[in-house]
Each structure stands twice: as C-alpha cells, then as structure tokens.
Amino acid sequence: MSSPPNSLPPSAPDPEPLSAVDENAPDAAATVGDSPPQELICSTTTTATTTSSSSSSPSDRAEDHPPSDIPISWPTDGQLSSEWVHRLISAFDWSSRHVAPSRFESVLPVPVFDALVLAASKLLHKEPNCVSIGDLSPDSAVVVVGDVHGQLHDVLLLFREAGFPSENRYFVFNGDYVDRGAWGLETFLVLLAWKVFMPHRVFLLRGNHESKYCTSVYGFEKEVLAKYGDKGKHAYRKCLGCFEGLPLASIIAGRVYTAHGGLFRSNPVTPTLPKRSKRKKNRKVNLHQETNMLALGSLDELAKARRSVLDPPWEGQNLIPGDVLWSDPTMKPGLSPNKERGIGLLWGPDCTESFLKRFQLKLIIRSHEGPDAREKRPGLGKMDEGYTIDHVTESGKLITLFSAPDYPQFQATEERYKNKGAYIVLKPPNFDEPEFHSFDAVTPRPQVNPYYDFEDVIDSDEDLDLASMANND
C-alpha cells in the first residue's frame, strides 16, 4: 500500500472565508440557494430485489452555515481516515447547495486536491489491468456499481443504503464517474478518497468517459475549469493522468468478471515483413485484419494491454482497451465491429457462453448503457429498473448495470426517462448470485446549470468524432 505524501505541495494563498452564495453573483444561477438534503427511505419489495425511494425531509434540512471544517485540509500525517472521508462528503453535499461553482476552491483548495489525486494515482497505476478480488471472508459482501455520471447525491444515497466501504464490504465501480451530471468532480474525488483510505476494499475501474475526448464533449472539462478557475487546466490534467491509471476490469472470487463495456477481441496478429528482395522490390503485404478473423481475447491478453492512453485507439495493435470500454452486447450471434459507436465490438450470447466457459465464470457484469442507449437497442431490455439480464446461457449470465437514476440529469426532451438506478450485492458462499437493489433519484436535485450543450450532444455516445479523438492524443 502506498502512503499519501506527508506534506502538501507549495500552496496558493489561503482561500477567502466561505459564505453562502450571493444570489447577485454572476454565476449564482449555476447554484442553488437553500435546497434541503434528502432523507433516505428504503422499502424492500422482494427477497432478491429491493427498491428504494428518496424524498426531502424538512426536519433534516441542511443548515445555512458551512460545516466547521471547510475548507478541507490534508491530514498532517498524510493518512486518510474514515472521519476525513465523511467530512469531505459532508462538505461536498453542503457546497453543492450553497456555493457557486467558481468558489469551489474555498471548499477544497488546490493543494489538497493535488495531494488526494496524487495519492490515488500512485495506487491505481500500480494495479494490474484486471484486478483480482479474492480471499473473501464468509461474512463479507461485494457491492458492484455501474455508471454514476456526476450525480453526486444519488451516489451518496447509494452509499447510505448499501453501506459504506468497510473491512467486510467491498466496492467495485464499473466506471463513468464524470460527464453529463453537474458534480463529476466531487463524485470522482469522493471515490478517490475511499480508494486511498481503503485501497484493498474499493476498486475503481475505467469507463469510456474517463477519457480526454468524452470529457471535452460531455462537460467534465468545463466543469473543472469552472470550479478551479485559473488553476482549472492544472486540475483537469491531473484528473486525466489519474484516468490513465484506472484498471480495465475485475475478477471477483474467481466467478464474476466486471468491466465497463464488456468483452474484447484477441490481439490482431502483425504479419512479419519479408526481407526485401533485389528482384521483388515492390512486393505487397496485406496488413489488414479481416472482420471474419475476429476472435474473443483471453485474460492473458487483457493483462498485457497498454491502458495508459488518454483515448483508447479504435485501430492499430492496442485495441483491447477500446473494446473493454466501448463494446456492447447484442442478441445476434457472433463477434462484429460496433459500427454504431465507431469503436469496440458487438458480441452475441454465444460469445458470452464461450467467455464464461473458457474462464470458469458464472457472471459478466458490465455497464455502459443507460435508458437513452437502450431505447435504440432492439431485442435488449430497457433500463427502467437500473439493470437488465441480457444473456442467459448454459454457463451463466450477462448483466448490464446502470447506477444513475433519472438519467441524464439534463434532458432535451420534455418527457424524462425516470429510470431507477441499481447496484448489485454479491454474497457468500460463491459470490455469483446477484442481489439487485434498485433506487430512485434523490429529489429535488440542487438547481445547477449544465456544463455542456445537452440539446445538441447525442446522449448515447453514438457517431463519435474519431478524428477529434485522434487529435486529443
């Protein structure tokens, strides 16, 4: 385990004292005044699946004055504690309702941001591409979480309902922490704090939105620039560096494979160029791999893939990261290019069965598709409850898990999807029988302006500008 630094990097001048939002300030429209925090009310509907709802409670309204420990400071010994993480959560929850985005540094100064991201990055970059979560005790449980997309208050509800990370409660997050939602920075930093405090209990995987291209289109870059001002570019670069260190997949108890998008191809074989002949100077060699040569990749190939890229490539020899982050299931048998997204693969039930059987697994839990994406996927279930069971085969199941309820936060259509979010709990003895827990969005959300043009941006990541992705690298 790597320890956080014992001292902070050179700091900027202390931020000015914090006060409630000035409604006449230029960016006050991007914040909320006195919206109350939400009371969590959970009700069990079945033994295998639970559904919770949330509402505001007048008796638990947030106080108008800030918590006493704002601005947050880094521990003097460089070691995070549960109390420190919970103070961070309280500070972010309060500031999301009372502080203008441009004054975020008054809540979390840049030197503290730097120390947290550095500590987390050191841990993440040392982890393998596919983390193994084994040696689980008989009294432990593993909570698997899908896309959260900057919906901070729904993430906090999920924690309060599922329980916070502990010695016998593991968490595996399937990526897409940022973009679209207005609190991607806070959400990502809370999860990094849990990772630093409990590195062997909290596992953060990479999603397709943890990339330079997606964050430049779907809001996270502008969010960071708005919240850290002239230090925003520095903070954004630190986040991108941290994204590069996020692992791609996990294996839980040797029985469950999780990843953001899902399965991946075997590495294409690069033909060996023949020695140049004096008599055949113009001899041609076909370097293109045909579509009909696609084959499922192995866990060994996954382990060797180069994941430290700002934007996973869609061509060349390093295709596995792009496949893991961008691929989708289909009901059509076989393996084919994902032409709709322009990157990754489509795989059918036969591929799911082959992968499960080959690696002696029972479940694949992936994410990546919300209600907007599933609206356009014939043959696959809708995301109304926050999860779907897409393939049922002889060896096991493929599940899509989505943890952002009432998604996306900003919708161009009059009628909202009103989907639930969900998380999965895996329990002994084998940790391969999923318990589904669905929950509604926290309401009302604090009022905030979007950080991207949600009316013009396609919600389900279709028709990617591949040229822009190439230029981002």
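The first residue of the sequence shown is numbered 1, and numbering continues consecutively from there.
Of the possible donor and acceptor atoms, one in the side chain of Q409 sits under 3.5 Å from a partner among the backbone N and O of A182. A distance-only check finds a donor-acceptor pair linking the side chain of R374 to the backbone of G381 [under 3.5 Å]. In this structure, R87 contributes its side chain and P67 its backbone to no donor-acceptor pair below 3.5 Å. Of the possible polar contacts, one joining the R206 side chain to the E210 backbone as a donor-acceptor pair under 3.5 Å is found. The closest donor-acceptor contact from the side chain of S327 to the backbone of G344 lies at 3.5 Å or more, if one exists at all. In terms of modelled atom types and a separation under 3.5 Å, the side chain of N419 and the main chain of A404 share a donor-acceptor contact. No donor-acceptor pair closer than 3.5 Å links the side chain of S140 to the backbone N or O of L136. Not one N or O on the side chain of E127 forms a donor-acceptor pair closer than 3.5 Å with the backbone of L246. For the pair N430 (side chain) and D432 (backbone), a donor-acceptor distance under 3.5 Å is absent. At distances below 3.5 Å, not a single donor-acceptor pair connects side-chain atoms of D350 with backbone N or O atoms of P333.
Looking at E244 and S308, their side chains never bring a donor and an acceptor atom within 3.5 Å of each other. For the residue pair H260 / N208, a side-chain donor-acceptor distance below 3.5 Å is found, with atom types taken as modelled. For the residue pair R307 and N129, a side-chain donor N or O sits within less than 3.5 Å of a side-chain acceptor on the partner. Looking at E375 and Y417, their side chains do bring a donor and an acceptor atom within 3.5 Å of each other. No side-chain donor from either of Y451 and E221 sits under 3.5 Å from a side-chain acceptor of the other. For the residue pair W347/T352, the side-chain donor-acceptor check at 3.5 Å is satisfied. A side-chain donor-acceptor contact under 3.5 Å links D139 and S137.
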Check against side-chain hydrogen bond (donor to acceptor under 3.5 Å, both in side chains), S166 and N168: CA-CA 5 Å; S166 65; N168 63 355; 3.0 Å; yes
Verdict with supporting geometry, V148 and D176, side-chain contact (heavy atoms from CB on, under 4.5 Å): CA-CA 6 Å; V148 294; D176 274 16; over 6 Å; no
Criterion side-chain contact (heavy atoms from CB on, under 4.5 Å) on I399 and I364, from CA distance to verdict: CA-CA 6 Å; I399 296 167; I364 297 171; over 6 Å; no
Evaluation steps, side-chain contact (heavy atoms from CB on, under 4.5 Å), between T388 and L380: CA-CA 8 Å; T388 57; L380 295 174; over 6 Å; no
side-chain contact (heavy atoms from CB on, under 4.5 Å) between S211 and L310, intermediate numbers included: CA-CA 5 Å; S211 66; L310 288 176; over 6 Å; no
Test log, rule side-chain hydrogen bond (donor to acceptor under 3.5 Å, both in side chains), inputs E223 and Y452: CA-CA 9 Å; E223 177 191 347; Y452 71 109; over 6 Å; no
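Between T400 and the options D390, D328, N174, a side chain to side chain donor-acceptor pair (under 3.5 Å) holds for only D390. Under the side chain to side chain contact (heavy atoms under 4.5 Å, CB included) test applied with V224, the options L240, V178, T215, L185 reduce to a single match, L185. Considering R445, R180, K418 in turn, R445 is the only one that fulfils the salt bridge (charged side-chain N to carboxylate O under 4.0 Å, His left out) rule with D406.
For W183 and H153, the ring centers are positioned less than 6.0 Å apart. Taking the six-membered ring where the residue is Trp, the centroids of H149 and Y218 are separated by 6.0 Å or more. For W314 and W326, the distance between ring centers is not under 6.0 angstrom. The distance between the ring centers of F104 and Y228 falls below 6.0 angstrom. The aromatic ring centres of F402 and Y407 sit less than 6.0 Å apart.
In this structure, S266 OG and D323 CG are separated by 10.5 Å, a value rounded to the nearest 0.5 Å. Atom OH of residue Y423 and atom OG of residue S438 lie 9.5 Å apart, to the nearest 0.5 angstrom. Distance CZ/R341 to CG/L325: 11.0 Å, rounded to 0.5 Å. Between the CE atom of M293 and the CZ atom of R265 there is a distance of 12.0 Å, given to the nearest 0.5 Å.
With a 4.5 Å cut-off on side-chain heavy atoms, F171 and V142 do not count as touching. Contact check for H391 versus K397: no side-chain heavy atoms found under the 4.5 Å cut-off. Under the 4.5 Å side-chain criterion, counting only non-hydrogen atoms from C-beta, Y170 is not in contact with L426. Taking the side chain as every heavy atom from C-beta outward, F164 and I89 approach each other to under 4.5 Å. Side-chain atoms of L363 and R255, non-hydrogen and from C-beta on, never get closer than 4.5 Å to each other. Residues T258 and L205 have side chains in contact (heavy-atom distance under 4.5 Å, counting atoms from C-beta outward). Under the 4.5 Å side-chain criterion, counting only non-hydrogen atoms from C-beta, S298 is in contact with F359. Y177 is not listed as a side-chain neighbour of L189, based on a closest heavy-atom distance of 4.5 Å or more.
The minimum heavy-atom distance between R97 and P446, with the atom names listed, is NH1-CG, 3.7 Å. For the residue pair A249 and L302, the shortest heavy atom distance occurs at CB-CD2, 4.0 Å. Closest non-hydrogen pair, N338 versus L345, comes out as ND2-O, 3.4 Å. Across all non-hydrogen atoms, the minimal contact from S403 to V145 is OG-CG1, 3.4 Å. Between L319 and P313, the shortest heavy-atom distance links the atoms CD2-O, 3.8 Å. Here the closest non-hydrogen pair linking A120 and L192 is CB-CD2, 3.7 Å.
For CG of D135, the number of neighbouring non-hydrogen atoms (other residues, nucleotides, ligands) closer than 6.0 Å is 12 at most. Within 6.0 Å of NZ on K304 lie no more than 12 heavy atoms contributed by other residues, nucleotides or ligands.
Under the 30°/60° scheme for interplanar angles, the aromatic rings of F159 and W194 are found to be tilted. Using the six-membered ring where Trp is involved, F243 and F220 have ring planes that are tilted, between 30° and 60° apart.
Legend: residues meeting salt bridge (charged side-chain N to carboxylate O under 4.0 Å, His left out) with D384, ordered by chain and number and at least two apart, are absent. Here E301 pairs with nothing under the salt bridge (charged side-chain N to carboxylate O under 4.0 Å, His left out) rule; sequence neighbours left out.
Between E435 and K427 there is a salt bridge, with a side-chain nitrogen of the basic residue lying less than 4.0 Å from a carboxylate oxygen of the acidic one.
Both the sub-6.0 Å distance and the 45° axial angle are not jointly satisfied by K420 relative to the ring of F439.
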